[in-house]
**Student:** 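Below you'll find the structure I mean.
In the text below, chain A, chain B and the rest are named by the order of the sequence lines, each starting its count at 1.
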Protein chains: 2
Amino acid sequence: MKKYNIPVEAALEVIGGKWKVVILCHLIKDKRRTGELKRLMPGITQKMLTQQLRELEDDGVILREVYNQVPPRVEYSLTDYGWSLKGILDSLCAWGEQHIEKTYPNKDDVLVQTEELV
Amino acid sequence: MKKYNIPVEAALEVIGGKWKVVILCHLIKDKRRTGELKRLMPGITQKMLTQQLRELEDDGVILREVYNQVPPRVEYSLTDYGWSLKGILDSLCAWGEQHIEKTYPNKDDVLVQTEELV
DNA sequence: CTTAATTGTTACTTAAAAGTACCTACATTA
DNA sequence: TAATGTAGGTACTTTTAAGTAACAATTAAG
């Protein structure tokens, strides 16, 4: 069994890595289909996306709902347990924003506009 | 120049990775010498530790103070800017704790006792 | 004059994360 | 009957992160 030196490592195991926080930040705003998430995250590949989604699902923070349709329709949303991360996600987003403002004179240099794409 | 799709990615660039949050969680409690941090983080190597500390220093969240002694004495502490992460770090730690409690029947199975070592 | 103590560096190697390219399924539509 | 749209799987490769092991600097103590 995995051992942690301090409890915060357990949190990092759930939301650590390059993509999970980003995914959760999108899902905190809205329930999303796979394709929407892909459009919201231009950098991610199909493989990475499903892989990360599976792990988040296994950890109980997101819910995967499959509608029996063709072509398939799958929606991802936060579980109640996932919502317990809201405080963390909100402050992370806020800190990121002000960090950009602090670090770069005008944020248009570092922020790609993709929010409106979906 | 680096581009982000959403601002939270900027935060992840500063505190992402396997070690930075852990280091910051220790420094939020106390100013620490290099050797103390090493003892608090049994898994980390000298190389990783200094590397992560340098990056945190470059990002302005920690301060490195060198005392002119032999053998050398170096102390690390949070900067004012680093303290702006306190909310995030606190909630991450708290979430990790309750996640362990939720996930494992008794946390002694997953938590190594090292807090008292320093 | 050798050893210990503390912090740090460097070249090299290994392990983990991420990316690429191609494949499946299946009703609908043209 | 061939193409479309959506979600996902897989084998393989590349890239990045992390780990290993050896070395440097300095001065006090033995």
**Student:** Mind calculating the distance between CD (Glu36(B)) and P (dT6(C)) to the nearest angstrom?
**Tutor:** 11 Å
**Student:** Using whole Å, what does the distance between atom P of nucleotide dT7(C) and atom CD of Glu65(B) come to?
**Tutor:**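 It works out to 14 Å between those atoms.
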**Student:** Thr34(B) side chain N/O closer than 4.0 Å to the phosphate oxygens (OP1, OP2) of dG8(C)?
**Tutor:**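 For Thr34(B), the contact criterion (side-chain N or O under 4.0 Å from OP1 or OP2 of dG8(C)) is met.
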**Student:** List the residues meeting side-chain hydrogen bond (donor to acceptor under 3.5 Å, both in side chains) with Glu75(B), not counting sequence neighbours, and say none if there are none.
**Tutor:**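 Listed in chain order: Tyr67(B), Arg73(B).
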**Student:** What's the angle between the local helix axes at either end of the helix from dC1(C)-dG30(D) to dA30(C)-dT1(D), using five pairs per end and rounding to 10 degrees?
**Tutor:** 30°
**Student:** Take the protein atom CG of Leu53(B) and the nucleotide atom P of dT9(C), then report the distance between them rounded to whole Å.
**Tutor:** 10 Å
**Student:** To the nearest Å, how far apart are Asn68(A) CG and dT6(D) P?
**Tutor:** 17 Å
**Student:** What is the distance, to the nearest angstrom, from the CG atom on Leu49(A) to the P atom on dG9(D)?
**Tutor:**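 Answer to the nearest Å: 11 Å.
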**Student:** Reading nucleotides 10-30 of chain D 5' to 3', which nucleotides get B (base under 4.0 Å from a protein heavy atom), which S (sugar-phosphate only), which -?
**Tutor:** --------BBB-----BB---
**Student:** Residues two or more places apart in sequence or in another chain: which of them pass side-chain hydrogen bond (donor to acceptor under 3.5 Å, both in side chains) with Glu97(B)?
**Tutor:**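 So Glu97(B) forms no side-chain hydrogen bond (donor to acceptor under 3.5 Å, both in side chains) with any residue.
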**Student:** Show every salt bridge (charged side-chain N to carboxylate O under 4.0 Å, His left out) that has at least one partner inside residues 5-14 of chain A, sequence neighbours left out.
**Tutor:**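 Every candidate salt bridge (charged side-chain N to carboxylate O under 4.0 Å, His left out) pair involving residues 5-14 of chain A fails, so no pair, neighbours aside, qualifies.
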**Student:** Ignoring backbone atoms, test whether Tyr76(B) places a side-chain nitrogen or oxygen under 4.0 Å from the OP1 or OP2 oxygen of dT7(C).
**Tutor:** no
**Student:** What integer distance in Å separates Arg54(B):CZ from dT10(C):P?
**Tutor:**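 The distance from CZ of Arg54(B) to P of dT10(C) comes to 11 Å, rounded to the nearest Å.
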**Student:** Looking at Arg33(B), does any N or O in its side chain come under 4.0 Å of the phosphate oxygens OP1/OP2 on dG8(C)?
**Tutor:** no
**Student:** State which residues pass side-chain contact (heavy atoms from CB on, under 4.5 Å) with Glu101(A); sequence neighbours excluded, sorted by chain then number.
**Tutor:**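 Glu101(A) satisfies side-chain contact (heavy atoms from CB on, under 4.5 Å) with Lys107(A) once adjacent residues are dropped.
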**Student:** What pairs with Lys18(A) under side-chain hydrogen bond (donor to acceptor under 3.5 Å, both in side chains), at least two apart in sequence or on another chain?
**Tutor:**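 Here no residue qualifies.
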**Student:** State which residues pass side-chain contact (heavy atoms from CB on, under 4.5 Å) with Lys102(A); sequence neighbours excluded, sorted by chain then number.
**Tutor:**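 Partners of Lys102(A) by the side-chain contact (heavy atoms from CB on, under 4.5 Å) criterion, ordered by chain and then number, come out as Tyr81(B).
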**Student:** Return the value, rounded to whole Å, for the distance between atom CD of Glu55(A) and atom C1' of dG8(D).
**Tutor:** 15 Å
**Student:** Checking Gln52(A) side chain against Leu49(A) main chain: does a donor-acceptor pair fall under 3.5 Å?
**Tutor:**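 Flag not set: sc Gln52(A) to bb Leu49(A) has no pair under 3.5 Å.
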**Student:** Counting only side-chain N and O atoms of Arg64(A), is one of them less than 4.0 Å from OP1 or OP2 of dA7(D)?
**Tutor:**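 The answer is no; no side-chain N or O of Arg64(A) sits under 4.0 Å from OP1 or OP2.
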**Student:** For dG5(D) and Arg73(A) - does any side-chain N or O of the residue sit under 4.0 Å from the phosphate oxygens OP1/OP2?
**Tutor:**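 No, outside the criterion.
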**Student:** Test your reading of the model: is there a side-chain donor-acceptor pair from Thr79(B) to the backbone of Gly60(B), 3.5 Å cut-off?
**Tutor:**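 Present.
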**Student:** Could you pull out all residues at least two apart from Lys47(A) that satisfy side-chain contact (heavy atoms from CB on, under 4.5 Å)?
**Tutor:** Thr45(A), Gln51(A)
**Student:** Rounded to the nearest angstrom, tell me the gap between atom CD in Glu57(A) and atom P in dA7(D).
**Tutor:**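 It is 15 Å, rounded to the nearest whole Å.
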**Student:** What is the nucleic acid contact for Tyr67(A), judged by heavy atoms within less than 4.0 Å: base, sugar-phosphate only, or nothing?
**Tutor:** nothing
